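For ligands, and for the atoms within them, numbers begin at 1 and follow the listed sequence. Predicted, not measured: the structure shown is a model, and the values here were computed from it.
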Amino acid sequence: MAKTTADKIKELQELKAKIALGGGAKRIEQQHAKGKWTARERVAHLFDPESFQELYIFTKHRSTASGMVGKETPAEGVVTGVGTVNGREVFVASQDFTVLGGSVGEMHANKIAQMFDLALKCGAPVIVINDSGGARIQEGVTSLSGYARIFYRNVLLSGVVPQISVIAGPCAGGAAYSPALSDFIVMIRGAELFITGPQVIEQVTGEKITAEELGGADAQMAHSGNVHFLAQDEEDAFRICKRLLSFLPANNMEDAPDYSGGELTFAPNPVLNTIIPDNRQHPYNVKDVIMQVVDRGDFMEIQERFAANAVIGFGRINGQTVGIVANQPMYMAGVLDINASDKIARFVRFCNSFNIPLITFVDVPGYMPGIQQEHSGIIRHGAKVLFAYSAATVPKITVVLRKAYGGAYIAMCSKDLGADRIAAWPTAEIAVMGAEGAVSIIYRNEMKEAADPAAARQELIEKYNEEFANPYQAAALNLIDDVIEPAETRRYLSLALESLRTKRELRPQKKHGLIPL
Ligand code: HXC
């Protein structure tokens, strides 16, 4: 007997219910036993209730050349679709580990690629939740070509819509490269991210290491700098994604959401007058400055435990998202080394892509000296900071808090790298180098000839500091626009940002420049 309409609707309902179960109850139980959510539970936690629309749910793998995939692969092991997060459109792909370990076959990749294409057309951010055994071995080279299509789209979307990767389970081999091509990686404690795992490493190099030590969240945050946010658990990961999205525009043609209004004050803040220690050699926490300057003390730090000598992150001033870059005197005196340079340059590039103004707080003794730094390419890496700031056309505002020496003075968004406003605190020291180094070079003969060289040296250091370690020489030459009382900083930044809303900076047409890589 032919199926009635009611039969067909029932059949559809049953099919969808079966697909929604992914790899089945047992696999889901195993996923939960590992403390992990399923692909669909993750989607449910990310999106506003009732807002998610799943796409390509009936996708099946085709009988591949190898024909080895004998099993059912509901939804092809990845949930894709679109919904709203705090009312704003976001696209998602959430890999389902309960289906063949979330492995990426041809059609699995096809779903992700189609979702990327739609996100590009709609100008909405993308989140990919990675939980996968990597290329689906049975599908052979088609799974590799699938990965390549995903990478290609990561690059097409780069600089057009924000891309966030969540590492929620295994993410090994080439699979790690889609996250690496995205803008931000949020990694959940317990997940694993590496190119080759411990067994292969031991076979090839003889080195022994656990998976956690090699590619766990702590290692990937602190050693490699691959990870931007460390999540304690699944819930934390989605909280981080939502907070991050709140700072970002939907795409490169829009501005970030405006959170102005409410109780925002711009009155002088006396706390800022007390942060810089009297002793010029003593450290302080630059995050204390940032917290006092941004709206409601709300600062979202990125790569907190990587290259801690530089601090980067998002805040708001008068409701407008700003990207904040700062040297951190509490860690390696805030020196610019290879890792700090990479960290700063990448962030500056992100902000510039997405119309986010940059605020730079400077307290930097210089670029890092040392054989290891030179041989590892401090010239090439340090040049990234120069390139990124010079290329950035968003509003750029710099505040020199204390030291601004040498090449690092230039690099930290000095006026000649295009800062639209640059102010200094009265504690600023702007010079070619610090007093100790300078005195040894320019007063070498005086010290040699002095009856008491040590006393002479001390005297000359004091003289040099008196003459050069202040902001007024630079201000007299218009290299600093103003010397401001620290308490006035928030007001200064707010007025500058307001006036720079209309900033337009045209550059010569070209395909692209060559950032030192
Ligand atoms: C097909 C896979 C798979 C894969 C896992 N499964 N990985 N199926 N292709 N790559 C299947 C398993 O056979 C199993 O199915 C189910 O998923 C769950 O896997 P388990 O091993 O039981 O889970 P677990 O113990 O948690 O271990 C997870 C794992 C492990 C660490 C990810 O499965 C693993 O090592 N997988 C292989 C990883 C790998 O080498 N991938 C290829 C990388 S090369 P059944 O039905 O038996 O339960 C690559 C190239 C990409 O990715 C290149 C892009 C440029």
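Scanning both residues, Gln320 and Pro357, for their nearest heavy atoms gives NE2-CG, 3.5 Å.
At a threshold of 4.0 Å, the pair Arg507-Glu505 counts as salt-bridged, since one of the basic side-chain nitrogens sits closer than that to a carboxylate oxygen.
In this structure, Lys36 satisfies the cation-pi test against Phe97, with its NZ or CZ atom closer than 6.0 Å to the six-membered ring centre and inside 45 degrees of the ring normal.
The contact shell of ligand 1, taken as protein residues with any non-hydrogen atom closer than 4.0 angstrom, comprises Arg27, Lys34, Lys71, Phe97, Leu100, Gly101, Ser103, Gly133, Gly134, Ala135, Arg136, Ile137, Gln138, Leu144, Tyr147, Phe151, Pro170, Gly174.
Residues Ile344 and Met412 meet the side-chain proximity criterion, which asks for heavy atoms closer than 4.5 Å. Within the 4.5 Å cutoff, the side chain of Asp131 has heavy atoms near those of the Arg42 side chain.
The environment of CD in Glu72 is sparse: at most 12 heavy-atom neighbours from other residues, nucleotides or ligands sit within 6.0 Å.
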